[in-house]
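Note that these values count all heavy atoms, side chains included, but never hydrogens, waters or copies made by symmetry. For ligands, and for the atoms within them, numbers begin at 1 and follow the listed sequence.
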Amino acid sequence: MLFPEGVAIDGKTGAVTPETGRYVKRLSELKGIYQDQAAFQRAVSDGNDPVAYEVIDYRNKESDLSFGTTIMAPGQVGGEYFMTRGHYHERPECGEAYYTQSGEGLLLLESRDGEVRTVEMKPGICAFIPPDWAHRSINTGKEKLVFVWFCATDAGHDYGEILTKGMRKIVVERDGRYAVIDNPAYTKASA
Ligand SMILES: [Fe+2]
């Protein structure tokens with residue numbers, strides 16, 4: 001039986017207390033999501049395979065609802081900002097919410113029929129991710145990006161399509177700020 005409790009979330013560090021689990025993604029585990037392979041190899045070796053992001057859970061199998069934090073390091077690979085792998089949910093009826101605590105970023109979303117949207121991530125904004133939209137978060141700032149996510153426990157992650165085809169848009173730095181541009185690799189794959 002589960003009991004109610006207050007879970008402390010540190011909006012600066014992303015610490016969740018108590019936490020039920022966590023995982024770390026190092027840059028080397030994100031091979032293939034960036035355009036510039038040489039820059040990717042350099043960023044991995046020069047940075048000693050830096051932590052790109054970390055996810056901390058408050059999750060119980062017996063509950064339909066889970067939440068937790070994602071902590072994204074700042075950084076770039078060949079002009080593209082550090083980003084998460086991006087995924088659809090295995091259960092397409094499951095939406096999600098991302099409530100930004102600190103830092104700044106961009107949430108990149110794509111529907112099955114090719115609609116692309118972005119939502120700016122900054123403190124005070126809770127982003128709504130509708131069911132069956134792929135979503136990827138991107139740290140466009142110079143500090144850590146920390147956000148709280150709320151999701152169905154069994155929503156599941158479907159990474160396959162995003163890993164093989166990419167997303168239609170990429171987010172790069174242009175003149176000191178972010179720009180959303182067409183993904184040349186995606187265009188090639190679907191031509
Ligand atoms: Fe998700």
Side-chain angles (χ1 to χ4, degrees), residues 7 9-11 14-16 19-27 29-34 51-74 80-141 144-171 178 180 183 186:
V7 177
I9 293 181
D10 187 315
V16 176
E19 66 173 64
T20 58
R22 64 167 67 202
Y23 67 85
V24 165
K25 277 285 161 218
R26 291 191 174 272
L27 192 58
E29 299 174 83
L30 301 169
K31 189 171 169 56
I33 70 170
Y34 293 98
V51 171
Y53 58 93
E54 184 169 8
V55 177
I56 307 177
D57 291 344
Y58 182 82
R59 179 188 297 270
N60 286 288
K61 285 198 302 289
E62 305 99 292
S63 171
D64 63 336
L65 179 68
S66 291
F67 56 89
T69 56
T70 299
I71 304 109
M72 297 186 66
E80 287 183 275
Y81 297 102
F82 277 13
M83 60 178 126
T84 57
R85 279 180 293 180
H87 62 269
Y88 284 97
H89 292 151
E90 281 172 9
R91 283 182 53 206
E93 70 275 25
C94 293
E96 192 167 7
Y98 282 2
Y99 188 23
T100 300
Q101 302 296 299
S102 56
E104 54 189 274
L106 197 68
L107 182 58
L108 177 63
L109 303 107
E110 188 176 298
S111 72
R112 296 276 184 189
D113 56 4
E115 289 286 324
V116 175
R117 293 286 189 281
T118 59
V119 178
E120 286 203 337
M121 301 176 76
K122 55 188 177 183
I125 299 295
C126 187
F128 169 56
I129 300 166
D132 216 19
W133 281 69
H135 41 290
R136 160 177 283 167
S137 38
I138 299 156
N139 185 348
T140 57
K144 279 183 183 175
L145 172 65
V146 178
F147 61 91
V148 180
W149 47 266
F150 305 85
C151 193
T153 303
D154 62 353
H157 294 83
D158 174 8
Y159 296 105
E161 192 169 316
I162 301 300
L163 278 180
T164 53
K165 289 180 75 176
M167 293 183 79
R168 286 171 170 78
K169 302 283 181 183
I170 60 173
V171 181
Y178 75 80
V180 181
N183 178 355
Y186 189 90

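R112 and E161 are joined by a salt bridge, as a carboxylate oxygen and a charged side-chain nitrogen come within less than 4.0 angstrom of each other.
Distance check for H89 against the Fe ion (ligand 1): an N/O/S atom falls below 2.8 Å. Within the 2.8 Å limit, H87 places at least one N, O or S atom next to the Fe ion (ligand 1).
Rounded to the nearest 10 degrees, the angle NE2 (H135) to the Fe ion (ligand 1) to OE1 (E96) equals 90°.
For the side chain to side chain donor-acceptor pair (under 3.5 Å) with E54, the lone residue among R26, R22, K144, K25 that qualifies is R22.
Checked by atom type and distance alone, the side chain of S137 never pairs as donor or acceptor with a backbone atom of T84 at under 3.5 Å.
Counting heavy-atom neighbours within 6.0 Å of K169 NZ, excluding the residue itself, gives a total above 12.
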